Participant: 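Pasting in a structure now, in structure tokens, and then I'll have a few things to ask.
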Amino acid sequence: MLSNALAGNDTDESASFLCAFCSAELCSLSIAQREAHYDLHLNDDSAELHEALPVKSSPNILPKKKLRWGKQSDTFWYAGLDTPPPRNYVPAGLIHVLRKGLAKGHNRGNIRRAALCVENAVLIHREVWDAQWGCGYRNFLMACATLMNQKQQLGYFSLLDSPIPPSVRNLQTWIESAWEEGFDAEGKKDLKELIGTRKWIGTADIWVAFVSRRIPAQLVDFDLQNKSEGMEIQAIGTDALIDWVVEYFTPKGSQEKATNAFDSLKVSSIMSTNKMPLILQHAGHSRTVVGYEIDKKGATNLLIFDPALVCQISCSSARSVLLSLSFPLTANSNIGAIPTAPAKNQMENSHILKRKRSMDSSLNKPTVDENGKIIPSESPARFSTSVKNSLSKVGVGRKIDPDLYEIVKKFRLEPKKLQKKKQYQILYFPVTAPLSETERKQKRQVTSIKIT
């Protein structure tokens, strides 16, 4: 469901209002026309429409004047900077919002247990200029923003910041520089040239970028396809992937049952950790996993930052929620010891990994009435409950107490959606000491752990 994108601009001072998907200038349109414009993006379920930059033309929706398209902006931001974040960043503090929402869901009986990554994780979504190919790059930047602001390995900052700091285009330079040093011969053969192109990259390419900078990282492969056991076909399903993610984010000892009332006070159902976010890749898209939740029925949902879904929650919305909670944007929390990476049913796999570089996304649709017509956003009372209660509207003149549990739903990835793909790859960061030069050279060939 659309949020502040339909209610007004991110800043009251600006006379411009750009479409969150195609950066078309919508300032001259009424709110109802803006909603209809977004409906053009959202009503078609095909990934091709979501990835395309142009918008379907309609004389009743689009202004007669020439549309103004967004310019390329390749600015990298992390919480330690004094400058405000770019428009496509939701700064540190969003994890705290999710934790509050999960706690509310737990109090309502909707959530049994949940765990989240380190609280300084940042959401970065793609912009118009990289909308067709930028998901891998934006996930890379989310990882960099978190790694450069963590307190466990302070040496990471200088390794990532120099000689060339992170950015979309600079990542292409990082990878090509690693090729020249002998890293990932197959990737070089596959991509041939990367700098200045719009070529997709996958988690294996991001792994190359990090280990060439001496940042420890590990790839994990999951094959969810049915496998034959003699004459029987064994269904693999998503359990192996979900179980691995749950074990990764769950602090050691947190699942032990309390033996008395005093111990029960120390066991939290909503766990904050110092684990880094994961990058989850399949043949079509990649997203950043920031935690998980187990609902009242026992089903486990992943919690994700998706760089393709720019309407999840805007930067101004995050600030409004955080201010209402009296929580600083740059807050950081390192809670508990670092759990070890999952080790059961794993084996080292030294083969060069296949590249999975493509894009797709699925977006929520606007609210319609019983006759199938779009509900105009001029009438706040007719907004759907999730939008009305979850985000404070900009320019309405009053604030709505946010329902933080509704915000959590916008970041949920359910098992039934995971089942649509049969092969996944995870990139995670153990946050151990930087690689020595010897260790760095030993990682010129891309390897992974295969979960069986």
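Everything numeric in this text was worked out from a predicted model, so none of it was measured.
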Participant: Do the rings of W244 and Y248 sit parallel, tilted or perpendicular, given the 30° and 60° boundaries?
Facilitator: parallel

Participant: Is there a donor in the side chain of T75 and an acceptor in the side chain of Y89, or the other way round, less than 3.5 Å apart?
Facilitator: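 There is no such pair between these side chains.
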
Participant: With a 4.5 Å heavy-atom cut-off, do T197 and Q172 have their side chains touching?
Facilitator: yes

Participant: The criterion is ring-ring contact (aromatic ring centres under 6.0 Å, His included); which residues satisfy it with Y137, sequence neighbours excluded?
Facilitator: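 Here the qualifying residues are W133.
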
Participant: Who passes ring-ring contact (aromatic ring centres under 6.0 Å, His included) against F429, sequence neighbours left out?
Facilitator: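 With sequence neighbours excluded, F429 shows a ring-ring contact (aromatic ring centres under 6.0 Å, His included) to F210, given in chain and number order.
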
Participant: Between E414 and N301, does a side-chain hydrogen bond (donor to acceptor under 3.5 Å, both in side chains) hold up when you go through it step by step?
Facilitator: CA-CA 5 Å; E414 300 171 343; N301 304 311; 5.3 Å; no

Participant: Less than 4.0 Å between a side-chain N and a carboxylate O, is that true for D295 and R412?
Facilitator: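 Looking at D295 together with R412, the answer is no, because their closest N to O distance does not fall below 4.0 Å.
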
Participant: Out of curiosity, Q281 CD to Q423 CD, how far, rounded to the nearest 0.5 Å?
Facilitator: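 These two atoms lie 11.5 Å from each other.
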
Participant: What pairs with D130 under side chain to side chain donor-acceptor pair (under 3.5 Å), at least two apart in sequence or on another chain?
Facilitator: R138

Participant: Between N170 and P165, is there a side-chain heavy-atom distance shorter than 4.5 Å?
Facilitator: yes

Participant: Any chance you could measure N120, atom CG, to L94, atom CG, to the nearest 0.5 Å?
Facilitator: 12.0 Å

Participant: Identify which one of K100, K409, R108 satisfies the salt bridge (Lys or Arg N to Asp or Glu O under 4.0 Å) criterion when paired with D403.
Facilitator: R108

Participant: Tell me, please, which residues at least two apart from E181 pass side chain to side chain donor-acceptor pair (under 3.5 Å).
Facilitator: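 R440.
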
Participant: Are M142 and P307 side-chain neighbours, meaning at least one heavy-atom pair lies under 4.5 Å?
Facilitator: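 Yes; the side chains approach each other to less than 4.5 Å.
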
Participant: Answer with yes or no whether the side chains of Y292 and R113 bring together a donor and an acceptor at under 3.5 Å.
Facilitator: yes

Participant: The criterion is ring-ring contact (aromatic ring centres under 6.0 Å, His included); which residues satisfy it with W174, sequence neighbours excluded?
Facilitator: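 Checked W174 against ring-ring contact (aromatic ring centres under 6.0 Å, His included); matches are F140.
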
Participant: With rounding to the nearest 0.5 angstrom, report the CD1 to CZ distance, I124 to F305.
Facilitator: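 Rounded to the nearest 0.5 Å, the CD1-CZ separation comes to 10.0 Å.
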
Participant: Should the pair K189-E186 be classified as a salt bridge under the 4.0 Å nitrogen-to-oxygen rule?
Facilitator: no

Participant: Which salt bridge (Lys or Arg N to Asp or Glu O under 4.0 Å) pairs, counting each pair once, include a residue from residues 152-161, with sequence neighbours left out?
Facilitator: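 As it turns out, there is no salt bridge (Lys or Arg N to Asp or Glu O under 4.0 Å) pair with a partner in residues 152-161 once direct neighbours are skipped.
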
